[in-house]
Student: 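What follows is a single structure, and I will ask about it in a moment.
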Amino acid sequence: MPELPEVEVVRRSLVELVAGKKIIDVNVGWPKIIKRPEQYEQFQDALKGQTIHDVDRKGKFLVFLLDDYSLVSHLRMEGNYRLQKTEDPVDKHTHVIFRFSDGKELRYRDVRKFGTMHLFSKGSEWTVPPLSNLGPEPFSDEFTFEYFKGKLMKTERSIKGVLLDQTVITGLGNIYVDEVLFRSRIHPLRIANTLTDQEILELREQASTTLKESIDAGGSSVNTYMNSHGLSGTYQNELKVYGRKDQECYRCGAAVQKIKVAGRGTHFCPTCQANT
DNA sequence: ATCCGCGCCTGGACGC
DNA sequence: TGCGTCCAGGCGCGGA
């Protein structure tokens, strides 16, 4: 499931693949993916003749910058983009096709059909949901200790639940939250407003470094993730707790446990992260 | 206002 | 073997 590092790697590959290309036709095969405008036919019509100038990103959202529009795309669990030739066979999980003037096309595939696309007039995308709801990214200047502590101190939710909340901090998903908490030696069920200043500093540092390390490794290829060049990342080999239920903790040897927190499968070391 | 839990989807793992 | 059931999960939304 793509989180910030995977989406950033996808963004970089998309810039190489589609920047400068002009859209001549758009085909939507599963209208529910198109959340805005309400009529998917309007989505298709608006994009005809538009050139892709750049691809931006905030958190887990991709933002295609066109002449007059911004296309905001979320991959959710399994969405992916591939550049192919028009004559290449289209597989059954391809739901949106952007055909270019050069005979190639960008295909959006999504087995689960959970992904979303919103089309906005250029520049307005940051003032309305979904982008306007997003908090700062872990390594941004706005993600200060004071900001983070302020958010944590006013809630009694579990720390895992807060870290998954994209309005507090954007970019972490289920995999990296487990990794960040392990590296910070904090139990996922720890109540947010009981964290010490030292622990908050550690969390902030680990959130930033974990995501940066993963980006440098091309992201984590858990299940089906690949970038738009079809390449896998290698950070899945660096994961310390996620997906390691009953295996030995790399730090202390205890068995990694899996429980449910905030509705999500949650991995942690009961010894290293004992501070509930 | 805050936050929990459901629905969206499909494929794969699992049990009988 | 083949069927049914459960699980995975980000986010928007309705209801508590």
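Because the structure is a prediction, the values reported are computed rather than measured. Naming convention: chains lettered A, B, ... in sequence-line order (proteins, then strands); numbering from 1 in each chain.
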Student: Looking at Gln166(A), I'd like to know whether one of its side-chain N or O atoms comes within less than 4.0 Å of OP1 or OP2 on dG10(C).
Tutor: no
Student: Taking the six-membered ring of Tyr147(A), is the NZ or CZ of Arg204(A) close enough (under 6.0 Å from the centre) and on axis enough (within 45°)?
Tutor: no
Student: Roughly, in whole Å, what's the span from NE2 in His74(A) to C1' in dG10(C)?
Tutor: 6 Å
Student: From NZ of Lys113(A) over to C1' of dC11(C), roughly how many Å is that when rounded to an integer?
Tutor: 19 Å
Student: Determine the contact category for Lys151(A): base if any of its heavy atoms lies under 4.0 Å from a base atom, sugar-phosphate if only primed atoms, P, OP1 or OP2 are that close, otherwise nothing.
Tutor: nothing
Student: Round to the nearest Å and state the distance from Lys260(A) atom NZ to dC6(C) atom P.
Tutor: 13 Å
Student: Can you tell me which nucleotide in dC8(B), dC11(C), dG12(C) comes closest to the side chain of Pro130(A)?
Tutor: dG12(C)
Student: Starting from C1' on dT10(B), measure out to CD1 on Ile33(A) and report it in whole angstrom.
Tutor: 13 Å
Student: If you find the nucleotide of DNA chain B closest to Arg264(A) and the one closest to Arg157(A), which residue's nucleotide is nearer the 5' end?
Tutor: Arg157(A)
Student: Starting at atom CG of Leu163(A), determine the distance to atom P of dC11(C), rounded to an integer number of angstrom.
Tutor: 14 Å
Student: As a quick check of understanding, evaluate side chain to side chain donor-acceptor pair (under 3.5 Å) for Asp178(A) and His267(A), giving each step before the final call.
Tutor: CA-CA 6 Å; Asp178(A) 283 3; His267(A) 309 75; 3.1 Å; yes
Student: Whole Å only: how far is the CD atom of Glu78(A) from the P atom of dG12(B)?
Tutor: 9 Å
Student: Is Phe114(A) stacked on the base of dC8(B) when the test is centres under 5.5 angstrom and planes under 30 degrees?
Tutor: yes
